[in-house]
Amino acid sequence: MSTSTSNQQPWPVKQYIPRHQTWPYNPSDFTRQDNSPDDGFYSAPRFVTHIDDLAIASLREYYDHVLPRKGKVLDFCSRRRGEGEVKVVGMGMNAAELERNPVLDGGRILHDLNADPDVSRVLKTHGAIGDDDGEKLDASTNVVSTDYLTSPVEVLHSLLHATKPGGRVHLTISNRCFPTKAIGRWLRVSEEERVQMVGDFLWFAGWRGIEIVELSDGGVQGGGGGSGGLKGFLAGMGMRGRDPVWVVRAVKEG
């Protein structure tokens, strides 16, 4: 996997290189400790943050840098602040959590992607997208939830059909999860293998231009890995720990 750092952004970027000619995973890789229907597990709202403040700040900065200022964005299990003319559609498992998210001005869709991975059909049913390319998504985001998908390629392949040419998907990865609901292989492999595995998911789903972005050392203020802001203060106090964050992103060609 080659490494390159873009001059237009403050984060290290690695180009994903396909590793397999055929699908390398087994059905057992996607089983979970708790295989009960997810609607029961997610029935109670959890108004918590799943990554720490430094990680959230880096992710917010990344979103402000890469997401479009107008068009349609699908936010499935992520949070961001709306800006400009962008319409954000939210898709999730808990109605109360969706209602609490104020940026979802493009609509809220209660849906279980493990029960039905057809993102495109669900979005069309709710009037969030149309059949023409101009009526489809400009971008999609997902925060620390890819590890819960039992049919990730099916989800991402359907998402590809719901995205206009040139549109992008941004999958945020960390090492925080509900272990009983994460897929089995996720819990068995290293962090490096996890981001590579997400790259595999995107590749076999038909996405291209796949890149892995390292946000763990991204700046909280003004980009870069400088010593300013909260990060610098914590480092000065000898507190260097923070939740690691990567983004695996891709583009729809054509």
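All values below come from the heavy atoms of this structure, side chains included, with hydrogens, waters and symmetry mates left out.
With salt bridges taken as basic N to acidic carboxylate O contacts below 4.0 Å, one links R185 and E193. Under 4.0 Å is where a charged nitrogen must lie from a carboxylate oxygen, and between K70 and D138 no such pair does.
Side-chain N or O atoms of R194 include one that pairs as donor or acceptor with a backbone N or O of W186 at under 3.5 Å. No donor-acceptor distance shorter than 3.5 angstrom exists from the side chain of K136 to the backbone of I129, with no hydrogens or angles considered. Here the side chain of K252 pairs no donor or acceptor atom with the backbone of G167 at under 3.5 angstrom. Looking only at distances, a side-chain donor or acceptor of K72 sits under 3.5 Å from a matching main-chain atom of A128. For D116 (side chain) and D118 (main-chain N/O), a donor-acceptor pair under 3.5 Å exists by modelled atom type. Although no hydrogens or angles enter the test, the distance criterion places no donor-acceptor pair under 3.5 Å between the side chain of R208 and the main chain of E253.
In this structure, CH2 on W246 lies 10.5 Å from CD1 on I212, to the nearest 0.5 angstrom. One distance of note links CG of D112 with CE of M91; it measures 11.0 Å at 0.5 Å rounding. Taking CD from Q196 and CZ from F201, the interatomic distance works out to 12.0 Å, rounded to the nearest 0.5 Å. In this structure, the separation between CZ on R249 and CZ on R168 is 6.5 Å, given to the nearest 0.5 Å. Rounded to the nearest 0.5 angstrom, E61 CD and W11 CH2 are separated by 5.0 Å. Here CZ of R32 is found 5.0 Å from CG of N114. Values are rounded to the nearest 0.5 Å.
Of all heavy-atom pairs spanning N94 and A96, the tightest one is OD1-N, 3.0 Å. Listed here is the closest heavy atom pair of P117 and S158: O-CB, 3.7 Å. Residue S140 comes nearest to F76 through the heavy atom pair CB-CE2, 4.0 Å, listed as atom of the first residue, atom of the second, then distance. Closest approach of A250 to L202, counting heavy atoms only: CB-CD1, 4.1 Å.
Note on ring orientation: taking the six-membered ring where Trp is involved, the planes of H170 and Y62 are perpendicular (angle over 60°, cut-offs 30° and 60°). Ring pair F204/W23 is perpendicular by interplanar angle, where above 60° counts as perpendicular and below 30° as parallel.
Contact check for L159 versus V169: side-chain heavy atoms found under the 4.5 Å cut-off.
Checked against L113 for a side-chain contact (heavy atoms from CB on, under 4.5 Å), the options N142, T150, V155 give a single hit: V155.
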Note to self: Would I210 and V248 count as a side chain to side chain contact (heavy atoms under 4.5 Å, CB included) here? Give the steps.
What the structure shows: CA-CA 7 Å; I210 303 168; V248 188; 4.0 Å; yes
Note to self: Could you walk me through whether Y16 and V198 satisfy the side chain to side chain contact (heavy atoms under 4.5 Å, CB included) test, starting with their C-alpha distance in whole Å, then the side-chain angles of each, then the deciding distance to 0.1 Å, before giving a yes or no?
What the structure shows: CA-CA 10 Å; Y16 164 87; V198 174; over 6 Å; no
